[in-house]
Amino acid sequence: MPKNELFVAAREAMAKAHAPYSKFPVGAAIRAEDGRIYTGANIENLSFPEGWCAETTAISHMVMAGQRKIMEVAVIAEKLALCPPCGGCRQRLAEFSGASTRIYLCDETGIKKSLALSDLLPHSFETEILG
Ligand SMILES: O=c1ccn([C@H]2C[C@H](O)[C@@H](CO)O2)c(=O)[nH]1
Ligand SMILES: [Zn+2]
């Protein structure tokens, strides 16, 4: 699957952001194990802490479609050269990622950086006790 398709999906998702407070639209697109693309945008709220990120919306769509594995994810922000996922989203991405999962940081022209989750979240929380 051409990576460009994932970038275009993230850019299209960004146009659906509800970001009237930060005026910082973000889009994300996940390719899951089934080969399909699940997208998301940030959805803010007048009660500021109640909003959530584009990556979180995309993960929700993927999970509700019955998928549990992220193969690749593209992230784009309208007003930032590259938008690395926030700490909370790194942990949420980790829940559904593996060693081969790739995270693509995009600008308005395409994918500019490819990272592994371990680049973004080294020494992550893991325990056998909780399974
Ligand atoms: O990786 C990120 C970083 C920020 N945001 C959103 C949260 C908030 O709505 C706005 C400004 O932080 O951008 C995302 O969606 N993804
Ligand atoms: Zn986030």
Side-chain angles (χ1 to χ4, degrees):
M1 192 253 251
K3 286 180 188 171
N4 195 48
E5 201 179 328
L6 206 62
F7 158 69
V8 169
R11 198 176 53 184
E12 282 176 10
M14 180 171 70
K16 296 184 176 143
H18 176 68
Y21 308 107
S22 71
K23 299 188 177 15
F24 190 84
V26 183
I30 291 171
R31 187 172 68 80
E33 217 169 13
D34 62 357
R36 289 177 181 269
I37 295 176
Y38 300 94
T39 61
N42 51 331
I43 302 175
E44 298 181 350
N45 192 276
L46 178 58
S47 176
F48 295 163
E50 304 304 333
W52 63 85
C53 292
E55 297 90 327
T56 298
T57 307
I59 290 168
S60 304
H61 279 144
M62 182 195 79
V63 170
M64 292 315 294
Q67 292 297 301
R68 292 288 185 276
K69 179 93 190 281
I70 298 171
M71 310 310 287
E72 352 176 60
V73 50
V75 184
I76 182 170
E78 201 174 85
K79 293 183 177 165
L80 199 63
L82 298 179
C83 183
C86 80
C89 286
R90 291 178 196 205
Q91 186 68 40
R92 285 182 207 104
L93 290 166
E95 186 76 17
F96 301 105
S97 294
S100 59
T101 301
R102 301 305 300 179
I103 294 110
Y104 305 129
L105 308 185
C106 310
D107 69 11
E108 72 278 7
T109 65
I111 294 168
K112 294 292 147 186
K113 202 169 218 172
S114 171
L115 298 164
L117 194 76
S118 56
D119 297 325
L120 290 170
L121 195 67
H123 310 291
S124 63
F125 174 55
E126 285 173 36
T127 171
E128 286 169 14
I129 298 166
L130 294 174

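For clarity, every value in this text was computed on a predicted model and none was experimentally measured. Because only heavy atoms are used, hydrogens play no part in the values below, and waters and symmetry mates are left out as well, while side chains stay in. Read the numbers this way: they start at 1 and go in the same order the structure lists the ligands and their atoms. Sequential numbering from 1 along the given sequence is applied to the chain's residues.
Under 4.0 Å from ligand 1, the heavy atoms of S22 that appear belong solely to its side chain. Counting heavy atoms under 4.0 Å from ligand 1, residue P84 touches it through the backbone alone.
Taking distance alone, with nitrogen or oxygen atoms compared against 3.5 Å, C53 stays at or beyond that limit from ligand 1. Between W52 and ligand 1, not a single N/O pair is under 3.5 Å apart.
The side-chain contact (heavy atoms from CB on, under 4.5 Å) test with P85 singles out one residue from L117, L115, L120, and that residue is L120.
For the pair T57 (side chain) and A41 (backbone), a donor-acceptor distance under 3.5 Å is present. Between the side chain of T101 and the main chain of I70, a donor-acceptor pair closer than 3.5 Å is present. The closest donor-acceptor contact from the side chain of R102 to the backbone of S114 lies under 3.5 Å. The backbone N or O of D34 sits less than 3.5 Å from a side-chain atom of Q67, completing a donor-acceptor pair.
Per-residue contacts place N42 under 4.0 angstrom from the following atoms of ligand 1 (heavy atoms of the residue considered): 6 (C), 8 (C), 9 (O), 10 (C), 13 (O), 15 (O). Set against the non-hydrogen atoms of V26, the atoms of ligand 1 under 4.0 Å away are 5 (N), 6 (C), 13 (O), 14 (C), 15 (O), 16 (N). Listed by number with element, the atoms of ligand 1 under 4.0 Å from a non-hydrogen atom of C83 are 1 (O), 2 (C), 3 (C). Using a 4.0 Å cut-off to heavy atoms of A54, the atoms of ligand 1 that qualify are 14 (C), 15 (O). For ligand 1 and C86, the ligand atoms under 4.0 Å from any heavy atom of the residue are 1 (O).
If you check which protein heavy atom lies closest to atom 8 (C) of ligand 1, you get E44 OE2, 3.3 Å. For atom 2 (C) of ligand 1, the nearest non-hydrogen atom of the protein is E55 OE2, 3.5 Å. In this structure, atom 12 (O) of ligand 1 lies nearest to the protein heavy atom F24 CD2, 4.5 Å.
The shortest non-hydrogen separation linking F7 to I76 is CE1-CD1, 3.8 Å.
Under a cut-off of 6.0 angstrom, the local environment of NZ in K113 is sparse, with at most 12 non-hydrogen atoms contributed by other residues, nucleotides or ligands.
Under 4.0 Å is where a charged nitrogen must lie from a carboxylate oxygen, and between R31 and E72 at least one such pair does.
In the model, E44 has a side-chain atom that pairs as donor or acceptor with a side-chain atom of S22 under 3.5 Å.
Not close to ligand 1: A19, with no non-hydrogen atom less than 4.0 angstrom away.
For the pair SG of C86 and SG of C53, the angle whose vertex sits at the Zn ion (ligand 2) is 120° to 10 degrees.
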